[in-house]
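Everything numeric here is computed off the predicted structure, so don't read it as measured data.
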Amino acid sequence: MLIILGLILMIVIVLVGGDRGAMSLIALAGNILCLSLAIWLYAVGAPVFLVTAGAGILISCITLFYQNGTNIKTWSAFLAVAITMCVLFAFIYLVVWKSGAGGLNEIQAAGEDVFYYNMNLDISMPKVGNSRNCTQHVRSCDRYGTDSNNFRI
């Protein structure tokens, strides 16, 4: 039933949105593939910062350049996203490093749902938290693709 509803949604998006709707669906599929690749790379032990930066840049390229074309406004939006990612990486890494944050706290570790998790991940949780916070901001900037006058970039 869920697959049928998903197909109906895709058909309606293409019918209502036309070429732009089809391009949005293709960009969404590309972003899902990029996110899947990033999760797989995290699981095999790739460096968290490099994977996050690469995935953020790739998702930004797919969202901005594929959907909106290549022009000066798109390049300026991409540059703004890249600068924002760099500033956020530095700031969040400093905050996480100074606070010593990472992993589960005592309350979360004592919960029943945690018993099924493998606690030996060999992944730096402060780096994962930093990466998640940076990509969350980038996705919110890329989602709308508009400038201050609400013109499509």
Side-chain angles (χ1 to χ4, degrees), residues 1-96 101-104 108 111 113-114 116-118 121-153:
M1 182 67 177
L2 191 60
I3 294 173
I4 294 171
L5 290 174
L7 290 173
I8 291 171
L9 175 66
M10 287 184 203
I11 292 170
V12 170
I13 286 174
V14 171
L15 288 177
V16 172
D19 291 340
R20 296 282 290 184
M23 287 177 58
S24 295
L25 287 175
I26 294 169
L28 177 65
N31 289 338
I32 289 171
L33 288 174
C34 181
L35 182 62
S36 300
L37 176 67
I39 291 171
W40 180 77
L41 288 172
Y42 290 148
V44 297
V48 176
F49 284 133
L50 294 177
V51 172
T52 303
I57 289 171
L58 189 60
I59 287 172
S60 296
C61 286
I62 291 171
T63 303
L64 290 171
F65 295 119
Y66 180 72
Q67 285 186 317
N68 300 314
T70 303
N71 56 38
I72 191 71
K73 290 176 76 175
T74 308
W75 277 105
S76 63
F78 178 73
L79 184 64
V81 168
I83 291 171
T84 302
M85 277 183 65
C86 290
V87 169
L88 283 174
F89 267 130
F91 176 72
I92 295 171
Y93 185 76
L94 180 68
V95 168
V96 170
L104 299 173
Q108 291 171 328
D113 56 342
V114 181
Y116 303 104
Y117 297 157
N118 181 2
L121 297 177
D122 294 330
I123 297 175
S124 172
M125 293 311 289
K127 290 180 181 177
V128 171
N130 186 6
S131 299
R132 185 193 64 81
N133 291 336
C134 288
T135 54
Q136 191 172 26
H137 176 73
V138 169
R139 280 187 290 131
S140 66
C141 291
D142 285 348
R143 181 176 301 142
Y144 300 106
T146 56
D147 65 359
S148 60
N149 296 322
N150 288 328
F151 290 106
R152 210 85 194 128
I153 295 177

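For Leu15, the CG atom is densely surrounded, since the number of other residues' heavy atoms within 6.0 Å is greater than 12. No more than 12 heavy atoms of other residues, nucleotides or ligands shown are found within 6.0 angstrom of CE on Met10. Sparse packing is recorded around CD1 of Ile3, with 12 or fewer heavy atoms of other residues, nucleotides or ligands lying under 6.0 Å away. Other residues, nucleotides and ligands place more than 12 heavy atoms under 6.0 Å from the CG atom of Leu5.
Contact check for Ile57 versus Cys61: side-chain heavy atoms found under the 4.5 Å cut-off. Contact annotation: the side chain of Leu37 never approaches that of Leu33 to less than 4.5 Å [non-hydrogen atoms, C-beta and beyond].
When all heavy atoms of Thr63 and Asn68 are compared, the closest pair comes out as O-ND2, 3.8 Å. Here the closest non-hydrogen pair linking Tyr42 and Thr52 is OH-OG1, 2.6 Å. Shortest non-hydrogen contact noted between Ala53 and Met85 is CA-CE, 3.8 Å. The two residues Gly21 and Ile13 come nearest to each other via the heavy atoms O-CG2, 3.7 Å. Smallest separation of non-hydrogen atoms from Ile62 and Ala27: CG2-O, 3.7 Å. Closest approach of Ala55 and Ala38 over heavy atoms only: CB-CB, 4.0 Å.
In this structure, Thr74 contributes its side chain and Gly69 its backbone to a donor-acceptor pair below 3.5 Å.
Distance CG/Leu41 to CG/Leu50: 10.5 Å, rounded to 0.5 Å. To the nearest 0.5 angstrom, Ile4 atom CD1 is 14.0 Å from Leu9 atom CG. To the nearest 0.5 angstrom, Leu28 atom CG is 9.0 Å from Gln67 atom CD.
Between Phe89 and Phe49, the ring planes lie perpendicular to each other; the angle is over 60°, past the 30° to 60° tilted range.
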